[in-house]
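Inspection log for the structure reproduced underneath, given as structure tokens.
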Amino acid sequence: MNAPENESLDFVRQIVADDQSNGKHAGRVHTRFPPEPNGYLHIGHAKSICLNFGIAEQYGGKCNLRFDDTNPEKEDTEYVEAIKEDIRWLGFDWQDRLFFASDYFDQLYQWAIQLIRGGHAYVCDQTAEEVREYRGGWNKEGRNSPYRERSVEENLDLFERMKQGEFADGEKTLRAKIDMTSANMNLRDPAMYRIRHVHHHRTGDAWCIYPTYDWAHGQSDSMEGITHSICTLEFENHRPLYDWYLDHLGAHHPQQIEFAKLVLSYTVTSKRKLLELVQGDYVDGWDDPRMPTLSGFRRRGFTPESIRQFCNKIGVTKFNSLTDLSLLEQSIREHLNKIAPRVMGVLDPLKVVIENYPEGESEMRNAINNPEDDAAGIRTIPFGRELYIERSDFLEDAPRKFFRLTVGREVRLRYAYFLKCESVVKNDAGEIVELRCTYDPETAGGKAPDGRKVKGTIHWVSAEHAVDAEVRLYEHLFTQENPSDVPEGVDWKELLNPDSLKVLTHCKLEPSLAEAQSGDRFQFERNGYFCVDAQDSTADKLVFNRTVSLKDGWSKAKKKNG
RNA sequence: UACCCGGUGGUGUAAUGGCAACACUUCUGAUUUUGGUUCAGACAUUCAAGGUUCGAGUCCUUGCCGGGUAACCA
């Protein structure tokens, strides 16, 4: 079909491609993405979404969106809506195939009765504790439940009464009758239904018995005609059970394939931990730009293309790897470098007065919007006697390798003139508050007619025309590369990076930014990529998020030389 | 301790019995009106030991190391 040729396939695509060419399922390919609506989608889900929807696209198949909503105690419609939005944003479309496991409660119930009739399931009165005890351990075979040999009639009657609500929560379960001595724990008579008198976000109070994951999942796949049921490695041991149910039902039987989930350095992707960060106010909600959630990345300024590209690059295997964050950063830099308009913004302003520039005057300078994209055109920027430059672009005692401004040295003001620092103005505390400089009017546009060269080019903003903004800088959420590797006796939240958010106020931006709209992305030249915060930015008070910094050879060199 | 699954540069992957390849990171250098971009170069005897084979990262055996699994969670 549309599968790329001459390109190596990952092992999942290899299976799909082989099945298709062998005519399995008549060449049909149908996958699904099955999130539980109990939290927001994160970057690990993106890997799964790209895999499932990507395979469907490549092999001329379909991919369903199915919410695995079998545990009403943890699930909520808020999550359903957020998940849908995130998948759409990522760029995928389930068309008319939006499903819920709860759509199948009736069929599941009928199938359960079929298993009971066949002697493959029974109602068990053991408490959760008794079940655990009877299950045994890795080196200890399980023992049969005393209720295991109930008659079909009794099981049918009891199961019906479970459904009718005659019993209290936890009083009874329906269990598959498999093998209490199996080496695979999942086969030691797993629970199929538990009693929970709770409201379900979709079925309301229609049910008080709810199917377990294992009972619901494979059967849902089957009903939807799924051909390849792709899930993560921790379900590997569940596959024999997945197969057992379908074999004993004689139903359409998809193939379960397991791959290694994404683990990204300096962050966590455990839903439990993400929920704790949100509920404990360690972050500003699910879409906090430091969160590894898709809504967090979106607010931070990531493009869906960059995340898809990242998922493409990391591949799909069964190896438990720790993917370096630099791979993700590379993906977003690569995309933003191509599409983000360049602007000048001074994050930590230092006033410059050009003594030989006429007072009360100003002029417009031409600037290229994006050197990577001629179609982006040019714009004009006001220039005048008083400017702001980046504080870090001036150093009193500059080493020879410092290509920026120092007293007596000349630099180029991007798109403007050569500028020479004549003297430094300090306050009583000895802090530099202003630079007195001169410019060379002959160097308009940044070239000297006499051919003299200047080593550095710095960005600037006209003080008279600058717009003020708040800029939020983000660092790793955690201080440790693998925050799941928590030292003994340490709470994982102690590994949170206290400096993960730095808020800068009164940053000075070129005036064109006054028009910036929510979500707009820019490169602040020499600084990084920034976007207008979708939550907090207003026309009166601009707020920018730093998506990612530019690679910085100078700070690297500094570090290296001590 | 039982079962299942893994192990290729610092990181992520490729090589489908035939010259260990690609991307990222790091380091060199060139170019540059962004210390960005771009370009060029450097960085491995494939966990170990045996075996099969003309030939093994790949197949077999054993060992070592890592991960998962004993919810009425998913």
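In what follows, every chain begins at residue 1, and chains take the letters A, B, ... in the order their sequences are listed.
- Taking the centre of each ring, Phe67(A) and Tyr79(A) stay at or above the 6.0 Å mark.
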Check nucleotides 14-22 of chain B for protein N or O atoms closer than 3.5 Å to its own N or O atoms and list the pairs.
| from | atom 1 | to | atom 2 | distance (Å) |
| --- | --- | --- | --- | --- |
| U16(B) | N3 | Gln14(A) | OE1 | 3.1 |
| U16(B) | O4 | Gln14(A) | OE1 | 2.8 |

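- Ring pair Phe524(A)/Phe530(A): centre-to-centre distance below 6.0 Å.
- When each of Lys551(A) and Arg412(A) is assigned the nucleotide of RNA chain B with its nearest heavy atom, Arg412(A) is the one assigned upstream, toward the 5' end.
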Check nucleotides 68-71 of chain B for protein N or O atoms closer than 3.5 Å to its own N or O atoms and list the pairs.
| from | atom 1 | to | atom 2 | distance (Å) |
| --- | --- | --- | --- | --- |
| G68(B) | N2 | Asn237(A) | ND2 | 3.1 |
| U69(B) | O4' | Asn237(A) | ND2 | 3.4 |
| U69(B) | O2 | Trp138(A) | NE1 | 3.3 |
| A70(B) | O2' | Arg135(A) | NE | 3.1 |
| A71(B) | OP2 | Arg135(A) | NH2 | 2.8 |

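- Here Lys447(A) lies in heavy-atom contact (under 4.0 Å) with a base.
- C43(B) and G36(B) have their P atoms separated by 24 Å, given to the nearest Å.
- Residue Arg404(A) is classed as a base contact, given a heavy-atom separation below 4.0 Å to a base.
- Note that the CZ atom of Phe259(A) and the CG atom of Leu233(A) stand 9.0 Å from one another [nearest 0.5 Å].
- Contact annotation for Ser182(A): no contact, since no heavy-atom pair falls under 4.0 Å across all strands.
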Which dot-bracket string fits RNA chain B when only Watson-Crick or G-U wobble pairs with both atom distances under 3.5 Å count, crossing pairs get [ ], and | stands for a partner on a different strand?
.((((((..((((....[..)))).(((((.......)))))....(((((..]....))))))))))).....
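- Straight-line distance between the P atoms of G57(B) and A48(B): roughly 11 Å, to the nearest whole Å.
- Anti is the conformation of A70(B), whose glycosidic angle sits further than 90° from 0.
- A cation-pi arrangement is present between Lys163(A) and Tyr109(A), with the terminal nitrogen or guanidinium carbon under 6.0 Å from the aromatic centre and inside a 45° cone about the axis.
- Within the 4.0 angstrom heavy-atom criterion, no nucleotide atom of any strand lies near Pro240(A).
- Nucleic acid contact class of Phe402(A) (heavy atoms, under 4.0 Å, all strands): base.
- Side-chain proximity of Ala183(A) to the nucleotides C3(B), U34(B), C24(B) is greatest for C3(B).
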